[in-house]
Amino acid sequence: MALSRRRFFQGAGALTLLAGRLAAPALAQSGPAGDIPPILFVHGNGDHAALWMTTLWRMESNGVPRERMAAINFIDPLARADDKVEQAGRSSTEDQRRALAEAVKELKQTSGAVRIALVGNSRGGNAIRNTIKNGGGGDISHAVLCGTPNHGVYASDDGLGAEFNGRGPFLRGLNDGDSEVTVGTAFLTLRSDGLDKYAQADGRFIGKPGTPTNVTAEGPALKGATNLVLGAVDHRETAYHPRAFREIYKFIAGHEPSRIEIVPETAVRLSGLVTGTPGGVPTNRPVPGATVDIYRVSAETGERIGGPLHSSQTGADGRWGPAQVDPSWPLEFVLTSPDAVTTHIYRSPFPRSSEIVHLRAARPMLPADAGAGAIVLMSRPRGYFGLPRDIVLFDGKEPSDVKSGVPTDAVTTLRLAATEVGRPVAAIFNGERIVMRAWPASENRIAVAELTY
């Protein structure tokens, strides 16, 4: 049976498989595409499939067909406090195992392949290991685990029911035996050289300063796997950084990629999901009745150029689009969701098409926002802001709410006076620059410069 791109599997571990199915131009390859098995990408705790967008683009730019890749979207991506105790809006390890096993089955059917490769970031690696070890290992040729806390974020006799406790039953079960990998699947782990906030000896990164975690930077490594250290990358960059892409591609394909850069398409089609945060918990549950408007904007001022390029309202499946855009256009997405702030999301040009441009309303107004004329955010979904490692400038200054040292912050906030409403605000992260407009907070609006790289 053909895989529908809009199909949702219902239940606590539900998912959506969303990957582009549009024809891509022929690209130079360093080896035959047939050598590469279909690849299923698995996001981490609280995240969604869209984080794999740049990885998918880089794969496509090396000749991997879109129809041989997919990205899972766990409907409830956050882990439970105790894996065995139900918690609203959160999933268990068994929920994720069942959902991933179904996704593997679907990709095998649509691709016609006997075996596929799995690539996961953080908690996604837990689901991959659980699926391979406890049902489905014969279907998986390669498993790449990026920043996965394979020996726990901490290892303690307290909170043994937690999925991320290295002494708890879940991780002890996965790590039992002389080898920590499953025979028959080739395993690769990618980790940071000390900048992964979830592989730290001190508990301050998990809210327990001064308390030893009993884990180290080597925590993501596994006995029996190929274990690589990527350098000074942060927790998310172990999956989404160009350096990580090179190793993911090389391990699965068996040879170096022909290019790291993303090759633009002449015409770009975008679509995705609008998801919500019921009860304040980030989920991938679809939001019906949301409106998505897209504008082309000036790269220098953030001002709109002409009327909307696209307008649509989501149905029960939460999907918006498709929208046709030029790969050179900076864009403003205006998301109007029921019972949420109107969110103006500014993005760099999209070089290639994607069906996983997922949108989520910004956080609600906070007590700290009281009296501000405008609230503007700078967000980096595929990594954190590292100071002094990175160049991070927000409205011409280094943000005061980004901590130095181990990168831990992915969002920085700027509050402007009422007299500054409507002016341009520049967000700069290394080589990426996005200019947004400051919208009035009195109208329940927040502007976000969402970085792509």
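Here the structure is a predicted model, which means the values were calculated and not measured.
The closest donor-acceptor contact from the side chain of Asp326 to the backbone of Ser328 lies under 3.5 Å. Checking side-chain atoms of Ser353 against main-chain N and O of Leu270 turns up no donor-acceptor pair under 3.5 Å. Within the 3.5 Å criterion, the main-chain N or O of Gly276 finds a donor-acceptor partner in the side chain of Thr283. A donor-acceptor contact shorter than 3.5 Å is absent between the side chain of Asn130 and the backbone of Asn126. The main-chain N or O of Gly124 is never found under 3.5 Å from a side-chain atom of Ser122 such that the two would form a donor-acceptor pair. Judged by distance alone, the side chain of Ser61 and the main-chain N or O of Ile262 form no donor-acceptor pair under 3.5 Å. In this structure, Asp409 contributes its side chain and Val411 its backbone to no donor-acceptor pair below 3.5 Å. Side-chain N or O atoms of Asn62 include one that pairs as donor or acceptor with a backbone N or O of Arg259 at under 3.5 Å. A donor-acceptor pair under 3.5 Å links the side-chain atoms of Lys197 to the main chain of Thr408, judged by distance alone. Side-chain atoms of Asn284 come within 3.5 Å of backbone atoms of Phe74 as a donor-acceptor pair (strictly under, hydrogens ignored).
Between Arg423 and Asp395, at least one side-chain N (NZ, or NE/NH1/NH2) sits under 4.0 Å from a carboxylate O, which counts as a salt bridge. One finds a salt bridge joining Glu60 and Arg66 here, because a Lys/Arg side-chain nitrogen approaches an Asp/Glu carboxylate oxygen to under 4.0 Å. A salt bridge links Asp234 with Arg380: the closest approach of a Lys/Arg side-chain nitrogen to an acidic carboxylate oxygen falls below 4.0 angstrom. In this structure, Asp47 does not pair ionically with Arg123, as no charged nitrogen and carboxylate oxygen lie closer than 4.0 Å. With salt bridges taken as basic N to acidic carboxylate O contacts below 4.0 Å, one links Glu300 and Arg433. For Arg389 and Glu237, the salt-bridge test passes: some basic side-chain N is under 4.0 Å from an acidic carboxylate O. Between Asp139 and Lys105 no salt bridge is recorded (no basic side-chain N to carboxylate O distance below 4.0 Å). Salt bridge annotation for Arg363-Asp369: present, with a cationic side-chain nitrogen under 4.0 angstrom from a carboxylate oxygen. Between Arg243 and Glu247, at least one side-chain N (NZ, or NE/NH1/NH2) sits under 4.0 Å from a carboxylate O, which counts as a salt bridge.
The structure places CG of Leu40 at 12.5 Å from NZ of Lys108, a figure rounded to the nearest 0.5 Å. Note that NE2 of His43 and CG of Asn73 are 5.0 Å apart. Values are rounded to the nearest 0.5 Å. The OG1 atom of Thr412 lies 8.5 Å from the CG atom of Leu377; values are rounded to the nearest 0.5 Å. For the atom pair CD1 (Ile72) and CD (Glu106), the distance works out to 10.5 Å, reported to the nearest 0.5 Å. With rounding to the nearest 0.5 Å, the separation of CG in Leu230 from OG1 in Thr238 is 7.0 Å. Taking CG of Leu190 as the reference point, atom CD1 of Ile248 lies at 6.0 Å (rounded to 0.5 Å).
The heavy-atom pair separating Ala127 from Gln96 by the smallest distance is CB-OE1, 3.8 Å. Shortest non-hydrogen contact noted between Ser379 and Val448 is CB-CG1, 4.0 Å. Closest approach of Arg115 to Pro38, counting heavy atoms only: O-CD, 3.8 Å. Contact between Ala372 and Arg415 at its shortest, heavy atoms only, is CB-CB, 4.0 Å. Pairing each heavy atom of Leu107 with each of Thr110, the nearest pair is O-OG1, 3.2 Å. The minimum heavy-atom distance between Pro327 and Pro349, with the atom names listed, is O-CB, 3.2 Å.
Screening Thr301, Val297, Val425 for a side chain to side chain contact (heavy atoms under 4.5 Å, CB included) with Arg437, the sole residue that qualifies is Thr301. When each of Thr226, Asn227, Thr148 is paired with Thr189, the side-chain hydrogen bond (donor to acceptor under 3.5 Å, both in side chains) condition holds for Asn227 and for no other.
When side chains are defined from C-beta on, Phe41 does not count as touching Leu118, because their heavy atoms never get closer than 4.5 Å. Here the side chains of Glu432 and Thr452 are in contact, with some heavy-atom distance below 4.5 Å. Looking at heavy atoms from C-beta onward, Val334 lies in side-chain contact with Tyr295 at the 4.5 angstrom threshold. Contact of the Val42 side chain with the Val119 side chain is not registered, since no non-hydrogen atoms from C-beta on lie closer than 4.5 Å. Contact annotation: the side chain of Val376 never approaches that of Trp439 to less than 4.5 Å [non-hydrogen atoms, C-beta and beyond]. Within the 4.5 Å cutoff, the side chain of Leu416 has no heavy atoms near those of the Val421 side chain. Within the 4.5 Å cutoff, no side-chain heavy atoms of Ile375 are placed close to those of Arg445. Phe385 places none of its side-chain heavy atoms less than 4.5 Å from the side chain of Phe394.
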- Worked check of side-chain contact (heavy atoms from CB on, under 4.5 Å) between Ser312 and His310: CA-CA 7 Å; Ser312 63; His310 171 82; 2.9 Å; yes
- Run the numbers on Asp339 and Ser337 for side-chain contact (heavy atoms from CB on, under 4.5 Å), then give the verdict. CA-CA 6 Å; Asp339 304 317; Ser337 297; over 6 Å; no
- Task: Go through Leu335 and Thr342 one step at a time and tell me if the side-chain contact (heavy atoms from CB on, under 4.5 Å) criterion holds.
- Result: CA-CA 6 Å; Leu335 174 60; Thr342 298; over 6 Å; no
- Task: Go through Val268 and Trp329 one step at a time and tell me if the side-chain contact (heavy atoms from CB on, under 4.5 Å) criterion holds.
- Result: CA-CA 10 Å; Val268 171; Trp329 292 346; over 6 Å; no
- Quick one: do Arg80 and Ser91 satisfy side-chain hydrogen bond (donor to acceptor under 3.5 Å, both in side chains)? Show the steps, please. CA-CA 6 Å; Arg80 297 173 175 177; Ser91 57; over 6 Å; no
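For the 3.5 Å distance criterion, the side chains of Thr277 and Arg360 fail to qualify, holding no donor opposite an acceptor.
Note on ring orientation: taking the six-membered ring where Trp is involved, the planes of Tyr384 and His235 are tilted (angle from 30° to 60°). In this pair, Tyr346 and His344 present their aromatic rings parallel. The plane angle is below 30°, not in the 30 to 60° band.
The environment of OH in Tyr240 is crowded: more than 12 heavy-atom neighbours from other residues, nucleotides or ligands sit within 6.0 Å.
Taking the six-membered ring for Trp and the full ring otherwise, the centers of Phe187 and His142 sit at least 6.0 Å from each other.
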